[in-house]
Engineer: 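Can you keep this structure in mind? I'll have questions shortly.
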Amino acid sequence: MKNGDHLFLVDGSGFIFRAFHAIPPLNRKSDGLPVNAVSGFCNMLWKLLTDARDTSVGVTPTHFAVIFDYSSKTFRNELYDLYKANRSAPPEDLIPQFGLIRHATRAFNLPCIEKEGFEADDLIATYTRLAEKAGASVTIISSDKDLMQLVTPNVSMYDSMKDKQISIPEVIEKWGVPPEKMIDLQAMTGDSTDNVPGIPGIGPKTAAQLLEEYGDLDTLLARAGEIKQAKRRENIIANADLARLSRQLVTLRTDTPLDVPLEELHLEPQDGPRLVAFLKAMEFTTLTRRVAAATDTDADVVEPAAVPVEWGADARGPDLDKAAAAPASSSAGEAAPAAVSQVASTGEATDATPEALAQSRAALFASATIDHSRYVAIRDLPTLDAWIADAKDAGLVAFDTETTSLDAMQAELVGFSLALADYGKDPSGTVIRAAYVPLIHKTGVGDLLGGGHAENQIPVREALSRLKVLLEDPSVLKVAQNLKYDYLLMKRHGITVQGFDDTMLMSYVVDAGNGTHGMDALSERWLGHKPLAYKDMTGSGKSSVTFDYVDIDRATAYAAEDAEVTLRLWHVLKPRLVAKGLVRVYERLERPLVPVLAHMEERGITIDRQILSRLSGELAQGAAALEDEIYKLAGETFTVGSPKQLGDILFGKMGLPGGSKTKTGQWSTSAQVLEDLAAEGHELPRKIVDWRQMTKLKSTYTDALPGFVHPETKRVHTSYALAATTTGRLSSSDPNLQNIPVRTAEGRKIRTAFIATSGHKLVSADYSQIELRVLAHVADIPQLRQAFADGVDIHAMTASEMFGVPVAGMPSEIRRRAKAINFGIIYGISAFGLANQLSIERSEASDYIKKYFERFPGIRDYMENTKAFAREHGYVETIFGRRAHYPDIRSSIPSHRAFNERASINAPIQGSAADIIRRAMVKIEPALSEAKLSARMLLQVHDELIFEVEDADVERTIPIVVSVMENAAMPALDMRVPLKVDARAAMNWDEAH
DNA sequence: CCCCAACCGTA
DNA sequence: GTACGGTTGGGGG
């Protein structure tokens, strides 16, 4: 080895642990062998061997080795028998991968180095110093802090998962000390994962500070008596020996006897067939293809290698070894003769009634095997036209799009898939066929530059013109999973889908509360089939590609399968909807909301970035100033945002009385606890509360929102989830516009940044007390009904009933308590919760509840009846018949049971209110267009709708919106309580609200 | 890279 | 005490 050479040393043992946790589970298709870490390892090696210059390492290796730990017992155990004693056994799925990774290393033609009695880190240290002495530079592929002591101007580390080089400045940035002081720092802080003791109470911050002051550990120990803080001084003096022992443990040995001399680490050329054989055995198709291409190997003629699998001490049996050696299954999708897959026959009778036919078809569609090899890619117009004609004949087609993004406003259409059922003479003759229409797939893989347009794809415009005819024909039922996404995407291409069903929403109506409603979950639940994973097509994380870079055969298997699964799910779910009497809920509260929400998302809302940027600056200044004061009060710097560190300061160092504990046993530092401490006159907690508010507003809102401004529309487009909650509420994300601050004056400033475009106003219309009104209706409480009919202050009325105080001149504290009780009722009240909310004794809260039930016995009846209903049926219902399931309501664990009881008391109230605003939303667009008004609905925040309205239309819009909302329950239901809506117009959301 | 815990914003 | 989603810190070993 000579000057200018570059040695790469991979910390194989470190990598495998980190990769195992960092990379999602990946199992070999043919036998389920876990291979996620092996996959990450192979991809990393390949990248370094071919592409190192393009990573942040920036150089090409001349020498290369992978280093492993030999076993857990090393010379360090002789120094300290507890070294690494608290390591638990590795996860079961990791065990076979240890051996596989060594096989992988050899398949890559790289030295695989380990030595009994030494850790990988010692071998790395020894090679590193030898290479350095020879004039070479070294890159250690690891992010382990234990190796940072090796960093010098010639030696750096590389975190391959973050593509981050770790040199001297990075070490200083992270630890506050240069690499040569890392040993002393680690000796002081210790390491709980390796069971290195260190000095108790000294963390990295303190250690760095002490090293800064005293230079090194020995000096510090010698002069420990000078330390001002009494506790710290005693600690260090008492534990000096532990620190010295720890230093021995963390010091890496640079004199490890080497079996493989440095010279033999010289990088040799790849053995293409050998590596391909290994990768084929692992069934890493993408990497196999890449390696085959780069090494000029014909992958088709290479047999998969026979790789033995070691399951460790408690092996799962030899059959896995056999399976491991078996050849990989052939890949799907090449020139299939026909796109048909036979639906399995269950021998069910074919009764003539529609219900019976549907039931027997449901069983058939649920029980077939899915065969990817039968899918076709449609790559010419005549074929597409034929499929569309067949879809029109059938009157039913499953439809799915493939795109470049989860964000429908930014996504580019890459292709689409269709699935059709030909029912045949009787159900057992039914066949499903599915096809994918690739539109803009590229050749080559995404991470190589360029990649041209793949051949034989129908031009997008032609395909869309044919698709438009199908999608806009209301007589053909389009079935999709999460149609809102595809609807919005198609709308952006000038296509308005008409005549559709959505399997996600069907599932949601049937099963809210019973698991999620994504396609993979539904497929497993109803079809017993696990569809191909999107991640397996595109990869994930930094190395992922967009779907247009997935090769067309694989894309066809994936996309056509999605359409087929959707079609099958529809056949299973539709009869269930009928059988449970939920068709009306689906058709009136779910399906019609798809276009309504898609339109709202497409419109978006304007935000004023200047306002946010100014607020951001103010918050940054405020937070920085508070930080200074916080450090001063704490007597040291620390990460204010870390509840753990904060807890140590407040309740350890400063000795303040701790309030509650979190479920992990940490002292809670919640706002409630800090407020209590502040009330006792402590300065620091108040500052923390203020700091938290400022940083919260900054990070969650003022900093984040501008990032959501769409590059073309210049507006913010949230995404509403229709099937995410158990109760029937919507949720909003990316960004969440349902949690924009309003309670504090500081927070409300953020709302001023939500503005109407010029010539327009924002109109906000919100239901007043809708949940209490629903409660008054469902529980039929005379006093509540009367109060709402009379329009009196409901909380004051409650207080008056309970405490005998007249409404006029009601003290605010009494009203506050009544208000908390009213909310508590809606939440399925408990004495514990009410006591917490009001900061009173539980016994006092109990008395309140008792009193409340005496005055409003109908509410106790409602709560008891609801619990009994939930226990009997496993679900509860809203006033419109929507169901929310609570499968754990019969749990034998009292706390779980109580939780489910409270939730099932809340669900009919929250859910009925959600149903009401859903009905309003469905009715509002037709009402506005009937009145020829320009108002456009933009946002929903559970009990509030926000519109953007031309100035001239504002006055006429408000009464229409109010009327639609107040009458939204009708005619389905005549409520015993009036609904009340307040509406206002202004330039921004803060003033309109 | 991903997940959890803690915290906090909304109705 | 209900229902959500987002951010940060910290762990994994």
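Just so you know, these numbers use all the heavy atoms, side chains as well, and skip hydrogens, waters and symmetry mates.
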Engineer: Mark up nucleotides 4-9 of chain C, 5' to 3', with B wherever a protein heavy atom is under 4.0 angstrom from a base atom, S wherever such an atom reaches only the sugar-phosphate, and - elsewhere.
Structural biologist: SBBSSS

Engineer: Rounded to the nearest 0.5 Å, what separates atom OG in A:Ser839 from atom CD in A:Gln672?
Structural biologist: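 Separation between the atoms: 4.5 Å.
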
Engineer: Go through DNA chain C and write down every stem, that is, every run of at least three consecutive Watson-Crick or G-U wobble pairs with distances under 3.5 Å, as range with range.
Structural biologist: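 Stem segments, range with range: B:1-11 with C:2-12.
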
Engineer: Please classify the nucleic acid contact of A:Ala820 as base, sugar-phosphate, or nothing, using heavy-atom distances under 4.0 Å.
Structural biologist: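 Touches a base.
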
Engineer: Students often get this wrong, so: under 4.0 angstrom with heavy atoms, is A:Ile829 touching a base, only sugar-phosphate, or nothing?
Structural biologist: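 The answer is base, as A:Ile829 lies within the cut-off (heavy atoms under 4.0 Å) of a base atom.
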
Engineer: Which part of the nucleic acid, if any, lies within contact of A:Ser13, taking any heavy atom under 4.0 Å across all strands shown: a base, the sugar-phosphate backbone alone, or nothing?
Structural biologist: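 No contact.
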
Engineer: Under 4.0 Å between any heavy atoms, over every strand shown, what does A:Ser830 touch: base, sugar-phosphate, or nothing? Just pick one.
Structural biologist: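 The answer is base, as A:Ser830 lies within the cut-off (heavy atoms under 4.0 Å) of a base atom.
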
Engineer: Establish, with yes or no, whether the OP1 or OP2 oxygen of C:dT2 is under 4.0 angstrom from a side-chain nitrogen or oxygen of A:Arg902.
Structural biologist: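 Looking at the OP1 and OP2 atoms of C:dT2, one of them is under 4.0 Å from a side-chain N or O of A:Arg902.
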
Engineer: B:dT10, OP1 or OP2 - any side-chain N/O from A:Arg743 closer than 4.0 Å?
Structural biologist: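 A:Arg743 to B:dT10 OP1/OP2: side-chain N or O found under 4.0 Å.
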
Engineer: To the nearest Å, how far apart are A:Arg751 CZ and B:dT10 P?
Structural biologist: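 Roughly 8 Å, once rounded to whole Å.
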
Engineer: Are more than 12 heavy atoms, taken from residues, nucleotides or ligands other than A:Glu844, located less than 6.0 Å from that residue's CD atom?
Structural biologist: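 Result for CD/A:Glu844: enclosed.
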
Engineer: Say you draw a straight line from CG of A:Asp943 to CG of A:Asp982; how long is it, rounded to the nearest 0.5 Å?
Structural biologist: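 The distance works out to 10.0 Å.
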
Engineer: Taking all atoms of both residues into account, what is the closest heavy-atom pair of A:Asn36 and A:Gln97, and its distance?
Structural biologist: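 The answer is OD1-NE2, 2.9 Å.
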
Engineer: Rounded to the nearest 0.5 Å, what's the gap from CG on A:Leu646 to CD on A:Gln666? Could you check?
Structural biologist: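 Spacing of CG (A:Leu646) from CD (A:Gln666) equals 10.5 Å.
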
Engineer: For A:Met694 and A:Ala623, work out which heavy atoms get closest and say how close.
Structural biologist: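 Minimum heavy-atom contact is SD-N, 3.6 Å.
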
Engineer: Tell me: CZ of A:Phe17 to P of C:dG13, nearest whole Å?
Structural biologist: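 My rounded result for the distance is 8 Å.
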
Engineer: Of the listed nucleotides (B:dA6, C:dA3, B:dC2), which one gets closest to any side-chain atom of A:Lys535?
Structural biologist: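 Nearest nucleotide to the side chain: B:dC2.
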
Engineer: For A:Leu939 and A:Met600, which heavy atoms make the closest approach, and how far apart are they?
Structural biologist: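 Nearest pair, atom of A:Leu939 first, then A:Met600: C-CE, 3.5 Å.
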
Engineer: Quickly work out the A:Lys145 NZ to C:dG10 C1' distance and round it to whole Å.
Structural biologist: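 In whole Å, C:dG10 C1' and A:Lys145 NZ are 13 Å from each other.
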
Engineer: What integer distance in Å separates A:His21:NE2 from C:dG10:C1'?
Structural biologist: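 The distance from NE2 of A:His21 to C1' of C:dG10 comes to 14 Å, rounded to the nearest Å.
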
Engineer: State whether A:Thr664 places a side-chain N or O below 4.0 Å from either non-bridging phosphate oxygen (OP1 or OP2) of B:dC4.
Structural biologist: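 Looking at the OP1 and OP2 atoms of B:dC4, neither is under 4.0 Å from any side-chain N or O of A:Thr664.
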
Engineer: Counting any heavy atom closer than 4.0 Å, what does A:Phe899 reach on the DNA or RNA strands: base, sugar-phosphate only, or nothing?
Structural biologist: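 The residue A:Phe899 makes sugar-phosphate contact but no base contact.
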
Engineer: Please confirm whether A:Phe20 and A:Phe41 have ring centers closer than 6.0 angstrom.
Structural biologist: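 No, the ring centres sit 6.0 Å or more apart.
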
Engineer: In whole Å, I'd like the distance from the CG atom of A:Leu834 to the P atom of C:dG1.
Structural biologist: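 Rounded to the whole Å, the gap is 10 Å.
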
Engineer: Can you check the A:Met44 CE to B:dC1 P distance for me, whole Å?
Structural biologist: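 Roughly 14 Å, once rounded to whole Å.
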
Engineer: For A:His993 and B:dG9, give me the distance from atom NE2 to atom P, rounded to whole Å.
Structural biologist: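 Result: 16 Å.
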
Engineer: I want to check something: taking the side chain as every heavy atom from C-beta on, are A:Tyr827 and A:Arg902 in contact at a cut-off of under 4.5 Å?
Structural biologist: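 Side-chain contact under 4.5 Å: no.
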
Engineer: Identify whether any heavy atom of A:Ala671 sits under 4.0 Å from a base atom; if not, whether one sits that close to sugar-phosphate; answer base, sugar-phosphate or nothing.
Structural biologist: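 Touches sugar-phosphate only.
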
Engineer: Checking all strands, does A:Arg692 fall into the base, sugar-phosphate, or nothing category for heavy-atom contacts under 4.0 angstrom?
Structural biologist: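 It contacts sugar-phosphate atoms only.
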
Engineer: How long is the line joining CG of A:Leu737 and P of B:dG9, in whole Å?
Structural biologist: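 In whole Å, B:dG9 P lies 17 Å from A:Leu737 CG.
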
Engineer: For A:Phe98, which of A:Phe17, A:Phe15, A:Tyr70 qualifies under ring pair (Phe, Tyr, Trp, His ring centres under 6.0 Å)?
Structural biologist: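 For A:Phe98, the ring pair (Phe, Tyr, Trp, His ring centres under 6.0 Å) test succeeds with only one of A:Phe17, A:Phe15, A:Tyr70, which is A:Phe17.
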
